[in-house]
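Whatever order the structure lists ligands and atoms in, that order sets their numbers, starting from 1. Worth knowing before you read on, the calculation uses all heavy atoms, side chains too, and leaves out hydrogens, waters and symmetry mates.
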Amino acid sequence: MKGRILVAYATRYGTTREIAAVVAAALRESGLEVDCRAMDDLHSIDDYRGIVLGAPFYYGRWPRAARRFLDRFGPVLAHRDVAVFATGRIEPDRPEAESRSQLDALLERYRWLQPFAVALFGGRWDPAALRGFDRWMHKLPGSPLHTLTATDLRNWDAIGEWATHVAAAFHAGAAQPKPPVAEPTRISRAGAALSTIRNYIADQQPRRP
Ligand SMILES: Cc1cc2nc3c(=O)[nH]c(=O)nc-3n(C[C@H](O)[C@H](O)[C@H](O)COP(=O)(O)O)c2cc1C
C-alpha cells in the first residue's frame, strides 16, 4: 500500500470544499503526500493509507454523497486510519450541542469507522445562494431556516490546529490500533441501488436543522 493520504469531502455550497483544501494543504506542508477530492469523484480508495473525511450537516445529517461514500467504501475505511470533520451551524443562538449531537449520532451509526480524530467546525451559509428545497425552506415562514442571514463562522485557526494534529498522527503511524467492531457488510449492486433509492426518499423528508 502506498503512503498517500486522501482528504475526501462532500459539499453543497462550497464551504466544506474550502475547509478540505486548507486541511489538505496543512497535511502537505508537513511532508505528507495528499490528494483532496470530492467523494462523488472517487472510484477507489484502496491506495490510501489514511483518509480525512469532511462533510456538512443538512437537516440533521450528512448529505447523500457522504452517506453513499460511507456505504460504498465502508469495508476499506474500516481498515484505514480515518479522521473526520463536519461543518455545521454553530452560532450564539443555536448551541453547539445541537450540531454536536448530530455528529454523535453520525459516529454512532457508523461505529466501525473508529476515527482517531473528530472535529466540528462552524460553516458558512448565504440565503441568497440557496437552491431548490433549501431555498424553499428558507422562504417558508415558521421554518427554522427562515431567519438565516449570511454568515461565515469558519475559524481558520481552529481548522489549522486540527489539521496539524491530524498530520502529526499520520506521521506517527497514525491512530491507535482499531478496536474490533462489527465491520460493515459489502453491499451488492442491488443492495447499493436500493440504498440509493432509500437515501433519495429520505432526502426528501426534512429533518430538524
Ligand atoms: C438548508 C440548510 C440546512 C442546514 N442544516 C444544518 C443542520 O441540520 N445542522 C447543522 O449543524 N448545520 C446545518 N446547516 C449549516 C451547514 O452545515 C453549513 O452551512 C455548512 O457550512 C454548509 O457546507 P457546504 O457549503 O459545504 O455545503 C444547514 C445549512 C443550510 C443552508
Closest non-hydrogen contact found for Arg124 with Tyr13 is NH2-O, 2.9 Å
Would a 4.5 Å heavy-atom cut-off, applied to side chains only, mark Ile19 and Trp156 as touching?
yes
Judging by distance only, is a nitrogen or oxygen of Gly123 under 3.5 angstrom from one on ligand 1?
no
So, for Ser99 and Arg89, which heavy atoms are closest and what is the spacing to 0.1 Å?
OG-O, 3.4 Å
Atoms of ligand 1 less than 4.0 Å from Asp134 heavy atoms?
1 (C)
Check: Arg61 N/O within less than 3.5 Å of ligand 1 N/O
no
Using the ring-ring contact (aromatic ring centres under 6.0 Å, His included) rule, take Phe116 and Phe170 through it: C-alpha gap first, then chi angles, then the decisive distance, then the call.
CA-CA 10 Å; Phe116 68 86; Phe170 279 134; 5.2 Å; yes
Report the member of Trp125, Tyr58, Phe133 with the shortest heavy-atom distance to atom 30 (C) of ligand 1.
Tyr58
Under 4.0 Å from a heavy atom of Leu130: give me the atoms of ligand 1 that qualify, with their elements.
31 (C)
Under a 4.0 angstrom heavy-atom cut-off, which atoms of ligand 1 come close to Thr15?
21 (O), 23 (O), 24 (P), 25 (O), 26 (O)
Enumerated ligand 1 atoms positioned under 4.0 Å from heavy atoms of Ser99
10 (C), 11 (O)
State whether a side-chain donor-acceptor pair under 3.5 Å links Asp40 with Tyr9.
no
Could you list which atoms of ligand 1 come closer than 4.0 Å to a heavy atom of Gly60?
7 (C), 8 (O)
Atoms of ligand 1 under 4.0 Å from any heavy atom of Arg12, numbered from 1 in the order shown, are 24 (P), 26 (O), 27 (O)
Who gets closest to atom 7 (C) of ligand 1 by heavy atom: Arg124, Arg154, Gln102, Glu98?
Gln102
Please report whether ligand 1 has a polar contact with Leu145, defined as an N or O pair separated by less than 3.5 Å (distance criterion only).
no
Name the orientation class of the two ring planes belonging to Phe57 and Trp62 (parallel below 30°, tilted from 30 to 60°, perpendicular beyond 60°).
tilted
Can you label the angle between the Phe85 ring and the Trp162 ring as parallel, tilted or perpendicular, going by 30° and 60°?
perpendicular
Between His171 and Ser30, does any side-chain donor sit less than 3.5 Å from a side-chain acceptor?
yes
Any luck finding a side-chain donor-acceptor pair between Thr15 and Thr87 under 3.5 Å?
no
Counting from 1, what ligand 1 atoms have a heavy atom of Tyr13 closer than 4.0 Å?
24 (P), 25 (O), 27 (O)
Are any of the N/O atoms in Arg17 less than 3.5 Å from those in ligand 1?
no
